[in-house]
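See below for the structure under consideration.
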Amino acid sequence: TTPKRVLTGITTTGIPHLGNYVGSIRPAIAAANEAIARGDGDAFFFLADFHALIKCFDPDEIHRSTRAIAATWLACGLDPQAVTFYRQSDIPEIPELAWVLNCSCAKGLMNRAHAYKAAVDINAAKEDVDPDFGITMGLFSYPVLMAADILMFNATHVPVGKDQVQHIEMARDIAGTFNFKYKPLFIQPNAVVDEDIPLLTGLDGRKMSKSYGNTIPLFGDGNPQVDPQKALKKAISQIVTNSQAPEEPKNCNECTIFEIYRAFATKEEIEELAAHYRRGIGWGEAKEILFNKINDEIAPMRQRYFELMNNPKELEEILQMGAVKARRVAQKQLDKTRRAIGI
Ligand code: TRP
């Protein structure tokens, strides 16, 4: 049997918020650390900055976001000694492999990609607009670059959100085509979708998402003038509640404060707060309890985050160490690939 190799990429747009922390950062790091402790395979985590280019054309934003995301994952406990943590654009072997894989990828396969089809559908709904209007080759061939990310390292398990499962299927397909045409060099990866991780609720009661503008910052909002702890408190104070009076008994099941609390508290603490709701709790007090709970967990990480953000040299050294480790693997795999195709 092939050893287990976990690999996942993080697109470098935006600044991580509490929903990203609960939904992907915290569980991914916990899973990696548990696997390492068990001696069960190895793990690759990378900053997918080439992927970010398909949707973000602001160089400062790309740069800022890459640093903030790297610092966040490290601050949240990703151990760069134990895993391989690198920036995609530091590994020139990846775009080279992507080209080779382009030549083993049917165009029709890409025509069926959800993200591309959604973009075409938006154009099709408009009058007198070309179906491919505004669609770049980057968007169209995104799944091939993603296949290169994965196949380069012969990853066996790729933890992703549901929206990415199709891309993993495509990587399997591309690997299969290459293996059949030349020789069996690439392992077909499996998507790992964790159904148990709940989506965090946002300030307005909908799913927490940057596109809804309802997020709670994880380590401040990126503005150095704002005290991150105050920013957290302020965001929590903006959670929408109903107009029940403090002493009224409350239903914890339809409450955003309670929903978020669930993601941070122990079973006993959750039961205790539910009892407090039934007895009657003021929204101000509930928000205070929530703030303290979240802050207790993230305050130590926040300190490390700002240390790394204020020390770009240290952050860069960590990423360069990761690049060296990743390139050792990538160069071998690319060498084999070149030989297989006759180049
Ligand atoms: N496309 C992924 C996303 O948007 C990010 C990504 C890029 C990725 N390359 C990858 C994820 C390889 C897993 C494996 O979430």
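For reference, positions follow the sequence shown, starting with 1. Read the numbers this way: they start at 1 and go in the same order the structure lists the ligands and their atoms.
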Examine the proximity of ligand 1 to I150 and report which part, side chain or backbone, both or neither, has a heavy atom under 4.0 Å away. side chain
Element-labelled atoms of ligand 1 that are located less than 4.0 Å from some non-hydrogen atom of V158: 13 (C), 14 (C)
Tightest non-hydrogen contact, residues V158 and I168, listed as CG1-CD1, 3.7 Å
L7 heavy atoms within 4.0 Å reach ligand 1 at atoms 14 (C)
Tell me whether the rings of Y142 and H51 are parallel (<30°), tilted (30 to 60°) or perpendicular (>60°). perpendicular
Note: E317-K313 ion pair, threshold 4.0 Å (strictly below): yes
I need the single residue from T84, T156, D42 that forms a side-chain hydrogen bond (donor to acceptor under 3.5 Å, both in side chains) with R5. Which is it? D42
Taking the inter-plane angle between the rings of F140 and Y116 on a 0 to 90° scale, is it parallel (under 30°), tilted (30 to 60°) or perpendicular (over 60°)? perpendicular
To the nearest 0.1 Å, how far is atom 2 (C) of ligand 1 from its closest protein heavy atom, and which atom is that? Q164 OE1, 3.4 Å
Shortest protein heavy-atom distance from atom 9 (N) of ligand 1, along with the residue and atom involved: D149 OD2, 2.8 Å
Do me a favour and list the nearest non-hydrogen protein atom to atom 6 (C) of ligand 1 with residue, atom name and distance? G9 O, 3.9 Å
Give the atoms of ligand 1, by number and element, whose distance to some non-hydrogen atom of A48 is under 4.0 Å. 7 (C)
Between F44 and F153, how do the two ring planes meet: parallel, tilted or perpendicular, split at 30° and 60°? tilted
Output yes when the distance from some N or O of ligand 1 to some N or O of H167 is under 3.5 Å, and no in every other case. no
Is there at least one pair of N or O atoms, one from T8 and one from ligand 1, spaced under 3.5 Å apart? no
Identity and separation of the nearest protein heavy atom to atom 1 (N) of ligand 1: Y142 OH, 2.6 Å
For Q303 and E307, does a side-chain donor sit closer than 3.5 Å to a side-chain acceptor? no
